Structures are given as structure tokens and as C-alpha cells.
Amino acid sequence: MLKEDKKWENVKIGTKAVWSAETELFYEGATQTPIVQNVTFGFSDIDTWYDVALEKKEGYIYSRNTNPTLHVFEEKMRILDGAEAATSFATGMAAISNTLFTLLSPNERVVSVKDTYGGTSKIFMEFLPRFNVDVKLCDTTDFEAIEREINKGCKVVYLETPTNPTLKILDLKRLITTAHNNGAIVVVDNTFATPYNQMPIELGADLVLYSATKFLGGHADAMGGVVCGKKDLVKQIYHYREINGATLGPMSAFLLIRGLKTLELRIQRHNDNASELAHYLQKHPKVEKVFYPGLESHHNHEIAKKQMRGFGGVLSFSLKGGYEAAVNVLPNLKFSRMAAHLGSVDTICGIPKVASHVETTPEERALLGIPESLIRCSVGIENIEDIIADFEQALSKI
Ligand SMILES: *Cc1c(COP(=O)(O)O)cnc(C)c1O
């Protein structure tokens with residue numbers, strides 16, 4: 001354990017979200033993290049500059065490498081995830097691509113699942129094969145098949161749970177154990193859960209990564225990504241990123257820090273609201289099926305209960321009236337945006353067929369278990385009575 005971490009050992013997550021990396025005062029006694037909006041950091045003598053460049057002394061040199069505002073965001077996430085180290089990125093996809101390109105070389109193998117985030121699955125299917133990386137994507141619900149592929153040998157096991165848009169659940173402990181028995185590095189995309197709902201590092205993951213653009217920032221006003229985990233691995237990924245250049249901007253880092261302070265409050269409310277809406281929709285005569293890991297009808301509800309504190313703010317549901325019905329419901333919602341996003345304080349709905357899965361064929365969507373009428377809903381932190389009343393009136397119009 002790092003010396004700094006002793007201080008946080010018995011501190012709860014809401015307190016960590018507010019105070020971690022910010023207990024000391026900043027320049028001139030500033031209590032809040034300043035936005036250090038400058039490119040470079042000067043030195044008064046060459047010896048100090050040389051020592052910082054050789055990493056013999058701590059310090060900042062150039063903002064493509066790191067910057068004091070980014071450092072606070074990274075340190076907050078490191079503490080929230082219980083990790084040894086963390087490094088940040090301009091977007092979630094930058095975190096994912098930099099991690100995969102750091103860890104994988106030609107003729108190495110990665111095992112993952114078919115339901116990863118759309119951009120991630122593009123990296124698996126389009127980019128990595130160009131560099132002769134062997135990519136095996138398994139059926140997300142078939143743990144035995146995933147384990148068989150891991151047992152054949154691989155450098156990296158890449159997991160994501162819950163998944164988009166049908167909220168499938170992977171058994172983290174089981175798959176991490178199998179991966180480690182085979183000497184593989186385990187990476188978990190924890191974007192949907194956040195460290196409030198799920199702690200992959202406690203379950204043994206080597207690296208956990210996020211699109212900070214979603215629930216971590218939480219207000220749909222800043223993009224970012226972060227990777228937390230084992231020090232030696234994070235150091236390699238940081239090195240790739242500082243050269244590759246997908247660096248987080250100081251203004252975005254500030255907005256993400258500000259969002260993180262309310263993480264516990266927001267996620268508790270997202271969890272409660274999504275759970276209530278899921279139960280309401282499940283009983284609605286026009287709804288065909290609701291996908292939410294907090295429902296007892298979810299096929300991996302027991303695993304979700306074991307590894308998650310809450311079930312998150314995202315759910316999806318299909319309508320009996322097919323795609324036409326879905327197209328007619330969304331414009332009638334008064335308190336929901338039709339947009340490609342999730343994890344914000346405002347409720348947002350979209351149809352995977354026209355959004356995340358627009359490039360797939362109906363047959364491919366069927367294979368992934370995505371009905372044509374599926375609506376994905378990221379439930380905000382509004383008052384749930386208003387959200388349910390809004391869905392009631394919109395559903396009554398179809
Ligand atoms: C949005 C998202 C990403 C990509 O993040 P960006 O910040 O948009 O680049 C990756 N994984 C998951 C699960 C996401 O929802």
C-alpha cells in the first residue's frame with residue numbers, strides 16, 4: 001500500500017469523492033483545483049530541469065505529458081478505484097485504444113466478448129487485425145466458451161459489464177481467475193457501473209478503465225477517459241499516451257473533478273430511478289421486455305447482485321409494436337433528450353438501431369439479441385414521479 005493511501009483506508013466513497021487529491025491548499029491558498037491552462041512549465045536552472053526530465057525529481061515539463069489539473073483528476077480516480085496508479089486521456093476511446101495498443105503486439109492474442117462498446121469492437125475487428133493481433137470475440141452470455149478461449153492462451157482478457165445496450169452481465173471474479181491462471185492481463189471497462197457500483201480491482205482486475213465522459217463527469221459537458229491499475233502497466237500506458245498525444249485538456253479535467261464530487265449522490269439517485277422505471281416498464285402492457293440487471297427476471301441478476309452495489313442508471317426495453325412504436329414514443333417524451341449519450345443528470349433515450357448499432361445489419365443485431373424496437377434509456381436524476389408520468393403519457397400515444 002502507498003503511504004498516501006493509509007489516509008483513505010477507512011474513509012467511505014462519498015468522502016473520498018469530495019476530498020481525495022484535494023486535502024492540501026493550492027496556489028495562494030485556493031481551496032479548489034485551479035485550471036492550469038498553460039502548455040509548459042519553466043525552470044530557473046538547468047540542473048532541476050534535467051532531474052525532472054530524468055524523473056529523479058517530481059515536476060511538470062510540458063502539458064502533453066502531464067499537468068497539475070490532470071494530476072488531481074487522476075489521483076482522485078486512483079483513490080476511488082483502490083488502484084496503485086492512474087493516467088488520463090482526452091476521451092474514453094483514447095483510454096481504450098491506448099491501453100490495447102500498449103499491451104498488444106503482433107502475433108499476440110486478446111480474448112473479449114461480442115457486446116463491447118461500439119468503438120471498442122471497431123478496434124477489435126478493424127484495427128488490431130491489421131497489426132496481426134489475433135482477436136477472439138466470444139458470446140457474452142457463454143462463460144464456458146469465454147473460459148475455453150482464455151485457456152487456449154492469450155496476452156489480454158478484455159471485459160465490460162454491464163454491456164451496452166442490453167445490459168448483459170459478465171461474472172468478473174470467475175473470468176478474472178481463469179485469466180490469471182493463464183497469465184493474462186485483465187482489463188475491465190467499468191463505464192456503466194462507476195466505482196460506486198462496482199470495484200473491478202477489488203475483484204482482481206489488473207486495469208480498470210472508463211469513459212469519464214459518462215457518469216464520472218455526469219453533466220454531458222466534458223469528455224475524458226482514465227485507466228487505473230497496476231503501477232508497471234499504467235506506466236507503460238502513460239508512456240504510450242504521452243507520445244501518442246491523446247492528452248486530457250485542463251478545462252475538461254476541472255469539469256470532471258467537479259462532477260466527481262457528487263458521484264455518490266448522483267449514482268445512488270441514478271440507481272433508484274432506473275430501478276423504479278424498470279419495474280414500471282416491466283408491468284406496462286405495451287412493453288415486450290425490459291433489460292436491467294436489477295430485475296429478478298434478468299438472466300444474470302444473481303451475479304450482478306454479488307459483484308455490484310447498485311445496478312446503474314441505464315436500462316433498455318423493447319416494445320410490442322416494433323420499430324414503428326419506438327419511433328413514435330421517443331418524440332413524445334418531454335423530459336428526455338433524443339441523443340447519443342448516457343450517464344448525465346438529464347434523462348436521455350435512443351434507439352440502438354439508429355445510434356450505437358446503425359452500422360450493423362438486422363441479422364447481426366438479432367445475433368446480439370438487440371430487438372429492432374429496443375429503446376436504450378439513461379435515466380437521469382430528476383424526480384422519478386415525473387419521469388414515470390412522462391413515459392405513461394408517451395406510451396399511451398402508441
Ligand atoms: C461512451 C463509452 C466509451 C467511449 O467513450 P468516449 O468518451 O465517448 O470516447 C467506452 N466504453 C463505454 C462503455 C462507453 O459507454
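Keep in mind that this is a model prediction, so the values were computed, not measured. In each ligand, atom 1 is the first atom listed, and ligand 1 is the first ligand listed. The first residue in the sequence is number 1, and the count goes up from there.
- Annotation: the span from Asn271 atom CG to Tyr196 atom OH amounts to 6.5 Å, rounded to 0.5 Å.
- Of the listed residues (Met223, Lys214, Met93, Glu160), the one carrying the non-hydrogen atom nearest atom 1 (C) of ligand 1 is Lys214.
- For atom 7 (O) of ligand 1, the nearest protein heavy atom (residue, atom name, distance) is Thr213 OG1, 2.6 Å.
- In this structure, atom 11 (N) of ligand 1 lies nearest to the protein heavy atom Asp189 OD2, 2.8 Å.
- Taking a cut-off of under 4.0 Å to the non-hydrogen atoms of Gly92, the atoms of ligand 1 that pass are 5 (O), 6 (P), 7 (O), 9 (O).
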**OP:** Go through the steps for Phe124 and Tyr158 under the test ring pair (Phe, Tyr, Trp, His ring centres under 6.0 Å), then give the verdict.
**Re:** CA-CA 10 Å; Phe124 284 141; Tyr158 185 96; 5.5 Å; yes
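- Relative orientation of the Phe43 and Trp49 rings is parallel, given thresholds of 30° and 60° on the angle between their planes.
- How far CD1 of Ile381 is from CG of Leu265: 8.5 Å, rounded to the nearest 0.5 Å.
- Not a single heavy atom of Asn164 sits under 4.0 Å from any atom of ligand 1.
- Using a 4.0 Å heavy-atom cutoff, Thr120 is absent from the residues neighbouring ligand 1.
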N/O donor to acceptor pairs below 3.5 angstrom from side-chain atoms of residues 81-105, sequence neighbours left out:
unit_1: Asp81; atom_1: OD1; unit_2: Tyr210; atom_2: OH; d: 2.7
unit_1: Asp81; atom_1: OD2; unit_2: Tyr210; atom_2: OH; d: 3.0
unit_1: Glu84; atom_1: OE1; unit_2: Lys231; atom_2: N; d: 2.8
unit_1: Thr87; atom_1: OG1; unit_2: Arg241; atom_2: NH2; d: 3.4
unit_1: Ser88; atom_1: OG; unit_2: Glu74; atom_2: OE2; d: 2.7
unit_1: Thr91; atom_1: OG1; unit_2: Met93; atom_2: N; d: 3.4
unit_1: Thr91; atom_1: OG1; unit_2: Ala94; atom_2: N; d: 3.0
unit_1: Ser97; atom_1: OG; unit_2: Met93; atom_2: O; d: 3.0
unit_1: Ser97; atom_1: OG; unit_2: Ala94; atom_2: O; d: 3.4
unit_1: Asn98; atom_1: ND2; unit_2: Ala94; atom_2: O; d: 2.6
unit_1: Thr99; atom_1: OG1; unit_2: Ala95; atom_2: O; d: 2.6
unit_1: Thr102; atom_1: OG1; unit_2: Asn98; atom_2: O; d: 2.5

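- At a threshold of 4.0 Å, the pair Asp386-Lys334 does not count as salt-bridged, since none of the basic side-chain nitrogens sits closer than that to a carboxylate oxygen.
- Residue Ser211 places at least one N or O, backbone or side chain, under 3.5 Å from an N or O of ligand 1.
- Note on Lys122 versus Glu359: salt bridge recorded, some NZ/NE/NH1/NH2 to OD/OE distance being below 4.0 Å.
- Using 4.0 Å as the threshold, His341 has no heavy atom nearer than that to any atom of ligand 1.
- Looking only at protein heavy atoms, the nearest one to atom 4 (C) of ligand 1 is Tyr117 CE2, 3.4 Å.
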